[in-house]
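Have a look at the structure below before the remarks.
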Amino acid sequence: MTSAVVLPTKTVGLDVERIRDDFPALHQRVNGKPLAYLDNAATSQKPQVVIDAERDYFEHDNANVHRAVHTLSSRATLAYEGARDKVRRFINAPVRESVVFTRGATEGINLVVYTWGRGNVQEGDEILLTEMEHHSNLVPWQLLAQWSGATLRYLGLRPDGTLRLEDLDALLTRRTKVVAFTHMSNVLGTINPVAEIVAAAHRVGAVALVDGAQSVPHMPVDAQALDLDFLAFSGHKMCGPTGSGALYGKRHLLEAMDPFLAGGDMISSVSLEGATWNELPWKFEAGTPSIAQQIALGTAVDYLSDIGMEAVFAHEQELTAYALDRLGSIPGLEVYGSAPQRGGVISFNVEGIHPHDLAQVLDQEGVAARAGNHCAQPLHRRLGQPASCRASLYLYNTEDEVEALVRGIRLAKTFFGA
Ligand code: PLP
């Protein structure tokens, strides 16, 4: 008889207090109050292991990559290429050649526009975007439309901040060359049905680019399962350093594309008459890359993977529900977007208080929140608001910090008589 195996109960809840110990910047007072860092959609804090990884590189291995046989350069190259393998696993890219290191989501999207876009989009073609895009996934395509004579089309929004998917089939035609959209809105928190939109794009032969700046840091994202053509994201929003990030592209697409920036490392051979290109992914990594930063992004990916992206997502879902409930108790406060599938980005306004004034009062209370249009002016115009206040959550945030936000808003209401 085989004995029954008792499996340990899987803990989904995060040990947030232990996680907070990993982030030195969280343990400070701002204006005499404990910091409540709620500006994670702009950039995340960094765990000590990531800070150490970057410092360790400079202290021990600092050398340029790919270019020398000496020991330090070999160590730097191994670590840099090792980070690429970690990022490949993190997004489940099939091959490392599909992972191009960039300085962030903006650079990744521009890379696609300047290379794939210029090579494939012509007058009469159509580019489909959505009304909830960050300027980084809007302005580059507007430039492409200007250069090529292609037409921009937009998928609109429903009152709850979800995309009008019912219009998708009518907007997609055989002239649609690309559908570029965000996985998660950096204003409304809406999580878009990526697989469905990508499949619709593919049905008309269009290529799909997903802006993963707000999704890859917060939930499991599987580039193969979603059948993405391109996926751009930033390292600094996922516990990694500024100047780090990646663009995933299907290999056959990247192979057919011209280089983006030209210079050292992206060539195979150069003569006075011309040049041939290096293999993927280096064809797209001209010049000295952000070596220390990408290595430390690899450490950030290890850090998040050890915790588990499902657990990160579950924690943020729970805390978002808590925050929405608590903010809902404040008279005169309006949250923008109420999508059933949403992440921890909460934008709001309080009647009678300018969002910048509100953010200033919050800062006096140690609460780091953002006010402005969050690089989404067309979306704010659609909301009928020039600006909003935004609190955005991450794996280390707590209910106590949400309470500090709520207290700060109540204080501002008293202060401004709102
Ligand atoms: N896309 C979205 C949805 C974002 O929220 C951001 C940054 O806030 C970006 C793109 C641009 O990211 P980065 O400035 O790191 O390139």
Side-chain angles (χ1 to χ4, degrees), residues 53-54 57 61-120 140 207 209 212 216 223-224 228-235 240-301:
E54 196 171 328
Y57 163 80
D61 303 329
N62 180 45
N64 216 325
V65 287
H66 304 143
R67 292 183 196 167
V69 291
H70 66 75
T71 301
L72 264 59
S73 180
S74 306
R75 290 209 298 250
T77 304
L78 267 180
Y80 179 78
E81 293 302 331
R84 194 188 312 275
D85 291 326
K86 293 174 185 184
V87 172
R88 183 198 72 69
R89 279 194 296 276
F90 193 67
I91 57 166
N92 194 29
V95 289
R96 66 194 316 281
E97 287 80 358
S98 278
V99 179
V100 177
F101 278 143
T102 64
R103 286 186 301 115
T106 303
E107 186 177 308
I109 295 165
N110 275 276
L111 190 160
V112 174
V113 166
Y114 275 76
T115 58
W116 181 88
R118 284 187 143 179
N120 291 280
V207 155
L209 176 143
V216 175
Q224 288 186 82
L228 308 182
D229 297 307
F230 296 109
L231 169 70
F233 55 99
S234 304
T242 49
S244 69
L247 171 75
Y248 162 79
K250 276 185 182 158
R251 188 180 186 152
H252 73 276
L253 293 172
L254 293 175
E255 255 161 11
M257 281 154 57
D258 280 339
F260 177 33
L261 300 177
D265 230 24
M266 50 73 71
I267 48 83
S268 162
S269 74
V270 183
S271 69
L272 292 180
E273 288 72 39
T276 56
W277 315 135
N278 202 346
E279 289 164 8
L280 292 176
W282 306 294
K283 177 170 95 172
F284 294 109
E285 294 180 10
T288 300
S290 304
I291 303 168
Q293 291 74 18
Q294 303 291 16
I295 291 172
L297 172 60
T299 307
V301 160

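At least one donor-acceptor pair under 3.5 Å links the side chain of S290 to the backbone N or O of G243. A donor-acceptor pair is defined here as one N or O able to donate and one able to accept, closer than 3.5 Å; such a pair exists between the side chain of S73 and the backbone of N64. Remark: the backbone N or O of D265 is not paired with any side-chain donor or acceptor of E285 at under 3.5 angstrom. Without hydrogens or angle criteria, Q294 side chain to T102 main chain gives a donor-acceptor distance under 3.5 Å. The closest donor-acceptor contact from the side chain of K283 to the backbone of E255 lies under 3.5 Å. Of the possible polar contacts, one joining the R88 side chain to the A93 backbone as a donor-acceptor pair under 3.5 Å is found. When atom types are taken as modelled, the side chain of R84 and the backbone of V99 share a donor-acceptor pair closer than 3.5 angstrom.
Considering only residues two or more places apart in sequence or on other chains, Y114 meets the ring pair (Phe, Tyr, Trp, His ring centres under 6.0 Å) condition with W147, F260.
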message = Apply side-chain contact (heavy atoms from CB on, under 4.5 Å) to residues T299 and E54 and explain how you reach the verdict.
response = CA-CA 9 Å; T299 307; E54 196 171 328; over 6 Å; no
inquiry  = Could you go through Q293 and R103, starting from their C-alpha distance and side-chain angles, then the distance that decides it, and tell me whether this counts as side-chain contact (heavy atoms from CB on, under 4.5 Å)?
reply    = CA-CA 9 Å; Q293 291 74 18; R103 286 186 301 115; over 6 Å; no
query = Should V95 and L280 be marked as a side-chain contact (heavy atoms from CB on, under 4.5 Å) after you check the CA-CA gap, both sets of side-chain angles, and the distance that decides it?
reply = CA-CA 10 Å; V95 289; L280 292 176; over 6 Å; no
request  = Any chance you could lay out the side-chain contact (heavy atoms from CB on, under 4.5 Å) test for W116 and D229, step after step, and finish with the verdict?
outcome  = CA-CA 11 Å; W116 181 88; D229 297 307; over 6 Å; no
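Side chains of V216 and L231 form a contact here, defined as non-hydrogen atoms less than 4.5 Å apart. Residues F230 and V100 form no side-chain contact, since every pair of their non-hydrogen atoms from C-beta on lies 4.5 Å or further apart. Put simply, the side chain of W277 reaches to within 4.5 Å of the side chain of P259, judged on heavy atoms. Side-chain contact check for M257 versus L111: some heavy-atom pair is nearer than 4.5 Å.
Nearest heavy atoms, G245 versus L297: N-CD2, 3.8 Å. Listed here is the closest heavy atom pair of V113 and P140: CG1-O, 3.4 Å. Of all non-hydrogen atoms in G298 and A83, the two that sit nearest each other are CA-CB, 4.0 Å. Of all non-hydrogen atoms in A76 and A63, the two that sit nearest each other are CB-O, 3.6 Å. When all heavy atoms are compared, the tightest approach of A262 to A286 is C-CB, 3.9 Å.
Atom CG of L72 and atom CG of N62 lie 7.5 Å apart (nearest 0.5 Å). In this structure, the separation between OH on Y248 and CZ on F90 is 16.0 Å, given to the nearest 0.5 Å. To the nearest 0.5 Å, atom CG of residue D61 and atom CD1 of residue I295 are 7.0 Å apart.
Counting only residues at least two apart or on different chains, the ring pair (Phe, Tyr, Trp, His ring centres under 6.0 Å) pairs with a member in residues 279-300 are H66-W282.
Between the side chains of S269 and T276, at least one donor N or O sits under 3.5 Å from an acceptor N or O.
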